[in-house]
Each structure stands twice: as structure tokens, then as C-alpha cells.
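Everything on this sheet refers to the single structure shown next.
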Amino acid sequence: YNYEFITKIPEDAKRIYSGMDFGVSPDPTTLVDAYLKDNNLYVDEIFCMNNLLPVKLVGAERMAIVDKLDEVEHTKGHLIIADSAGASEIIDIRKYRYNIKGVKKTTGSVIQGINKTRGYNLFITKRSINLKKGIEKYHFKVDHNGKIIPEPDGHEPDGLAAVRYLIMEYTKKKYDAMW
């Protein structure tokens with residue numbers, strides 16, 4: 001990924017979807033907001049937290065994902081595109097009136113999503129500490145001749161997965177509107 005760090009989102013950038021990747025320990029649950037201006041994608045990490053309960057349980061000592069959404073005052077009508085593998089999490093979040101849907105995954109969609117995301121000039125807010133750590137250590141495989149193989153090497157950082165989900169949905173909607 002080519003990216004730059006910024007101190008704030010430009011005021012004339014349009015907010016598009018939010019993206020969420022659900023974490024099962026040791027991976028955190030991550031929520032990012034995204035904004036577009038021309039071919040510039042601005043990303044802001046809203047939270048990245050371990051050990052959130054997948055569903056809200058009355059009397060639980062730990063915070064649930066929906067509790068964290070409430071705490072950061074995420075707008076309930078704003079669409080969150082999330083990992084479709086988290087069906088129980090999505091159902092619970094919807095129960096509390098948040099607008100969330102799972103991204104459609106198909107064979108090859110990870111690489112397609114990465115390529116779509118890489119098609120934007122990526123700007124990440126400086127406060128997006130976990131996204132910054134993830135993007136700095138994420139790389140593609142390299143063959144024995146030193147040639148880059150367009151395939152991720154290792155686990156995709158959670159923040160980048162959240163960005164990929166929202167871009168997959170955004171570009172799908174944009175493509176569908178053309179036809």
C-alpha cells in the first residue's frame with residue numbers, strides 16, 4: 001500500500017461507509033470510518049479493542065461490541081460494512097438499531113478487495129495507531145527470485161480488512177449504478 005499520515009480529514013471529503021472487522025482474541029475488533037475526495041481515500045480508526053463480547057449480555061463484566069459503538073457515539077443510521085463471517089455479531093448489532101451488513105465474499109475477493117483499495121491514494125489519520133502498525137508490517141509474498149507475488153504474506157491486519165470490506169461494498173455499489 002502507498003499511504004500517507006494526516007492530522008485531519010479534509011472538510012470537503014465525503015463520508016462513505018464505515019468498516020468493521022470482528023476480532024477473536026488475540027485479534028481485536030476494529031471500526032474505521034472512511035471519506036472520499038476525488039481518488040483520495042481518508043481513513044480514521046474509531047476503535048480497535050480486544051476482548052469485546054460478540055453479543056451484549058446483561059450483567060456481563062466485559063463490554064460488548066454494541067457497547068463500544070454506543071461509547072464512541074457511532075451514528076446509528078450510518079452504514080457499517082462488516083466481515084460476513086461474524087453473523088451473530090451482525091445480528092446483535094442490528095438488534096440495537098445500528099445499520100450494519102456483511103460484505104459479500106467470493107473466491108478471490110480478498111485479492112480483488114486489496115487491489116480496489118490500492119487503487120486509491122490512501123491517507124490515514126495519525127491517531128489511527130493500530131492501523132498504522134498493521135499497514136507498516138503488512139506485505140506481499142516474494143518468490144525465490146525476489147519477484148513480488150500479488151498475494152498477502154500472513155494475516156491481514158484487522159484495520160486493513162475493515163477498509164477492504166467497505167471499499168468492496170462501495171465499489172460494488174458504484175459499479176452497479178453504472179449499469
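Predicted model only: the values in this text are computed from it and were never measured.
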Just distance, no hydrogens or angles: give the donor-acceptor pairs under 3.5 Å from side chains in residues 102-111, sequence neighbours left out.
residue	atom	partner	partner atom	Å
Lys105	NZ	Asp83	OD1	2.5
Ser109	OG	Thr106	N	3.2
Ser109	OG	Thr106	O	2.9

Under the ring pair (Phe, Tyr, Trp, His ring centres under 6.0 Å) test, residues paired with Tyr96 that sit two or more places apart: none
Checking Phe47 now: which residues fulfil ring pair (Phe, Tyr, Trp, His ring centres under 6.0 Å) with it, not counting sequence neighbours? none
Taking only residues two or more places apart in sequence, or in another chain, which ones meet [X] in a salt bridge (Lys or Arg N to Asp or Glu O under 4.0 Å)?
{"X": "Asp21", "value": "none"}
{"X": "Arg94", "value": "none"}
{"X": "Lys37", "value": "Asp12"}

Excluding sequence neighbours, so at least two apart, what forms side chain to side chain donor-acceptor pair (under 3.5 Å) with Lys116? Thr171
Given Ile65 and Asp92, is the side chain to side chain contact (heavy atoms under 4.5 Å, CB included) satisfied, shown in steps? CA-CA 9 Å; Ile65 296 168; Asp92 190 64; over 6 Å; no
Scanning both residues in full, the closest heavy-atom pair of Arg62 with Asn51 reads NE-O, 2.8 Å
For Val58, the rest of its hydrophobic cluster, which grows through side-chain links under 4.5 angstrom: none
Cluster membership besides Tyr42, Ile/Leu/Val/Met/Phe/Trp/Tyr side chains within less than 4.5 angstrom, sorted by chain and number, is Ile6, Ile9, Tyr35, Phe123
Taking salt bridge (Lys or Arg N to Asp or Glu O under 4.0 Å) as the cut-off, I'd like each qualifying pair that reaches into residues 46-61, sequence neighbours left out, listed once. Lys56-Asp67
Could you note down all residue pairs passing salt bridge (Lys or Arg N to Asp or Glu O under 4.0 Å) where residues 41-50 supplies at least one of them, sequence neighbours left out? Asp44-Arg127
Can you sort out the partners of Asn39 under side-chain contact (heavy atoms from CB on, under 4.5 Å), two or more places apart, ordered by chain and number? Tyr120, Asn121
Check whether the side chains of Tyr17 and Asn99 place a donor and an acceptor atom closer than 3.5 Å, and report yes or no. no
Single-linkage hydrophobic cluster Met168~Ile135, side-chain heavy atoms < 4.5 angstrom: yes
For Leu57, is the CG atom crowded, meaning more than 12 foreign heavy atoms sit under 6.0 Å from it? yes
